[in-house]
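All remarks here apply to the structure that follows.
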Amino acid sequence: MKKLTLACMLALAGCSTAQVDWQQDSQMLVAQSEVKLSSNLWINKMPQIGEAQEQTLNGSIYLKSDTSLPATLELNSVTLRQGENLWLLDGDAIEVRTHSENSWEIAFQWQLDVLPNLPIDIAVETKNEDKVEWLVEKGVNIDAIY
């Protein structure tokens with residue numbers, strides 16, 4: 001997976017993430033398909049010989065539906081929020097993987113200074129035809145892998 005170089009750290013006041021509606025839910029209806037968002041975040045704390053230990057946040061964000069996800073559905077960006085900090089991931093910073101017609105994954109790996117003991121809110125910007133909507137999951141805990 002590519003290192004995340006396009007991510008930008010933003011203050012709460014301004015920039016493009018101001019449009020995120022953090023009151024949205026982790027489910028939405030898209031073209032008669034109920035889409036559900038679920039997320040996993042973790043930091044790999046396994047020591048590696050000869051390498052400096054860096055804090056890399058790994059994420060797998062799943063969009064699942066009981067029916068096929070619409071082929072016209074686009075996943076534009078992911079915004080992470082922890083306290084007053086916001087991080088925007090888009091373009092090459094995220095990798096969309098299709099596991100089946102009704103299960104997609106957004107994967108990322110990013111070096112940043114998150115507080116591992118505090119949860120993160122995750123917002124995914126979707127676009128279907130000309131309609132932009134957000135899926136939001138709040139309070140996602142960061143796991144530690146040893």
Side-chain angles (χ1 to χ4, degrees), residues 1-46 53-146:
M1 187 182 307
K2 298 178 183 177
K3 290 283 182 184
L4 304 177
T5 58
L6 294 180
C8 69
M9 182 183 278
L10 304 170
L12 258 179
C15 288
S16 62
T17 58
Q19 64 199 17
V20 176
D21 182 359
W22 291 102
Q23 301 306 312
Q24 289 297 316
D25 197 7
S26 62
Q27 302 182 85
M28 71 177 180
L29 191 63
V30 179
Q32 300 176 357
S33 294
E34 183 73 29
V35 179
K36 297 178 184 178
L37 174 74
S38 64
S39 308
N40 294 311
L41 299 174
W42 69 95
I43 295 174
N44 185 355
K45 295 197 173 198
M46 179 69 102
Q53 187 69 27
E54 298 173 346
Q55 182 168 294
T56 301
L57 181 67
N58 298 276
S60 290
I61 302 168
Y62 298 97
L63 278 74
K64 294 184 179 183
S65 178
D66 291 336
T67 61
S68 295
L69 290 162
T72 56
L73 183 64
E74 298 174 27
L75 307 175
N76 295 329
S77 68
V78 173
T79 303
L80 305 175
R81 176 176 75 171
Q82 186 181 57
E84 296 291 316
N85 295 317
L86 292 178
W87 298 277
L88 173 67
L89 292 84
D90 62 2
D92 289 339
I94 57 176
E95 180 182 346
V96 178
R97 302 170 181 165
T98 304
H99 295 285
S100 68
E101 291 179 353
N102 56 344
S103 179
W104 295 356
E105 176 187 8
I106 303 169
F108 65 88
Q109 188 176 49
W110 189 18
Q111 293 176 6
L112 72 157
D113 290 325
V114 297
L115 300 172
N117 57 336
L118 293 178
I120 290 182
D121 298 333
I122 299 173
V124 175
E125 180 186 11
T126 67
K127 182 177 179 185
N128 188 37
E129 296 173 2
D130 289 331
K131 187 176 181 182
V132 175
E133 292 186 90
W134 293 91
L135 283 165
V136 175
E137 185 175 9
K138 297 179 190 114
V140 178
N141 290 320
I142 302 171
D143 294 324
I145 308 295
Y146 292 95

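All residue numbers in this chain count up from 1 along the given sequence.
With hydrogens and angles left out, the side-chain atoms of Asp21 and Gln24 include a donor and acceptor closer than 3.5 Å.
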(message) Could you walk me through whether Asn128 and Thr72 satisfy the side-chain hydrogen bond (donor to acceptor under 3.5 Å, both in side chains) test, starting with their C-alpha distance in whole Å, then the side-chain angles of each, then the deciding distance to 0.1 Å, before giving a yes or no?
(response) CA-CA 6 Å; Asn128 188 37; Thr72 56; 2.3 Å; yes
(request) Any chance you could lay out the side-chain contact (heavy atoms from CB on, under 4.5 Å) test for Trp134 and Gln19, step after step, and finish with the verdict? (result) CA-CA 10 Å; Trp134 293 91; Gln19 64 199 17; 3.9 Å; yes
(message) Between Leu41 and Asn141, does the side-chain contact (heavy atoms from CB on, under 4.5 Å) criterion hold? Intermediate values first, please.
(response) CA-CA 7 Å; Leu41 299 174; Asn141 290 320; over 6 Å; no
(message) Determine whether Leu57 and Ile120 satisfy the following criterion, side-chain contact (heavy atoms from CB on, under 4.5 Å), listing intermediate values before the conclusion.
(response) CA-CA 11 Å; Leu57 181 67; Ile120 290 182; 4.1 Å; yes
(message) Determine whether Thr67 and Glu34 satisfy the following criterion, side-chain contact (heavy atoms from CB on, under 4.5 Å), listing intermediate values before the conclusion.
(response) CA-CA 8 Å; Thr67 61; Glu34 183 73 29; over 6 Å; no
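For the pair Arg81 and Trp87, the cation-pi test (distance below 6.0 Å, angle within 45°) is failed.
Looking at residues two or more places apart in sequence or on another chain, you find a side chain to side chain contact (heavy atoms under 4.5 Å, CB included) between Asp25 and Gln27. Glu105 pairs by the salt bridge (charged side-chain N to carboxylate O under 4.0 Å, His left out) definition with Arg97, not counting sequence neighbours. Residues satisfying the side-chain hydrogen bond (donor to acceptor under 3.5 Å, both in side chains) criterion with Glu101, sequence neighbours excluded, are Ser68.
Between Tyr62 and His99, the angle of the ring planes lies from 30° to 60°, which puts this pair in the tilted group.
Between Glu133 atom CD and Met28 atom CE the span is 5.0 Å, to the nearest 0.5 Å. Interatomic distance, Ile94 CD1 to Leu75 CG, rounded to the nearest 0.5 Å: 7.0 Å. Leu73 CG to Thr126 OG1: the interatomic distance, rounded to the nearest 0.5 Å, is 5.5 Å. Interatomic distance, CG of Asp66 versus NZ of Lys36, reported as 6.0 Å (0.5 Å rounding). Atom CG of Leu112 sits about 9.0 Å away from atom CG of Asn85, to the nearest 0.5 Å.
Results of the side chain to side chain contact (heavy atoms under 4.5 Å, CB included) test with Val78 over Ile106, Leu88, Asp90 single out Ile106 as the only residue that passes. Here the rule is side chain to side chain contact (heavy atoms under 4.5 Å, CB included) with Leu80, and of Val140, Leu89, Val114 only Leu89 fits it. Remark: of the listed residues Asn58, Thr56, Ile142, Asn58 is the sole one forming a side chain to side chain contact (heavy atoms under 4.5 Å, CB included) with Trp42.
Looking at every heavy atom in both residues, Pro70 comes nearest to Trp104 through O-CH2, 3.7 Å. Closest heavy-atom contact between Pro116 and Ile43: CB-CD1, 4.0 Å. The minimum heavy-atom distance linking Gln82 with Pro119 is given by the pair CG-O, 3.7 Å. Across all non-hydrogen atoms, the minimal contact from Val136 to Ala123 is CG2-CB, 3.9 Å.
Proximity of a side-chain donor or acceptor of Asn102 to a complementary backbone N or O of Leu69 within less than 3.5 Å is not detected. Checked by atom type and distance alone, the side chain of Glu137 pairs as donor or acceptor with a backbone atom of Ser39 at under 3.5 Å. A donor-acceptor contact shorter than 3.5 Å is absent between the side chain of Ser60 and the backbone of Ala107.
Other residues, nucleotides and ligands contribute more than 12 heavy atoms inside 6.0 Å of the CG atom of Asn117. More than 12 heavy atoms of other shown residues, nucleotides or ligands fall within 6.0 angstrom of atom NZ in Lys138.
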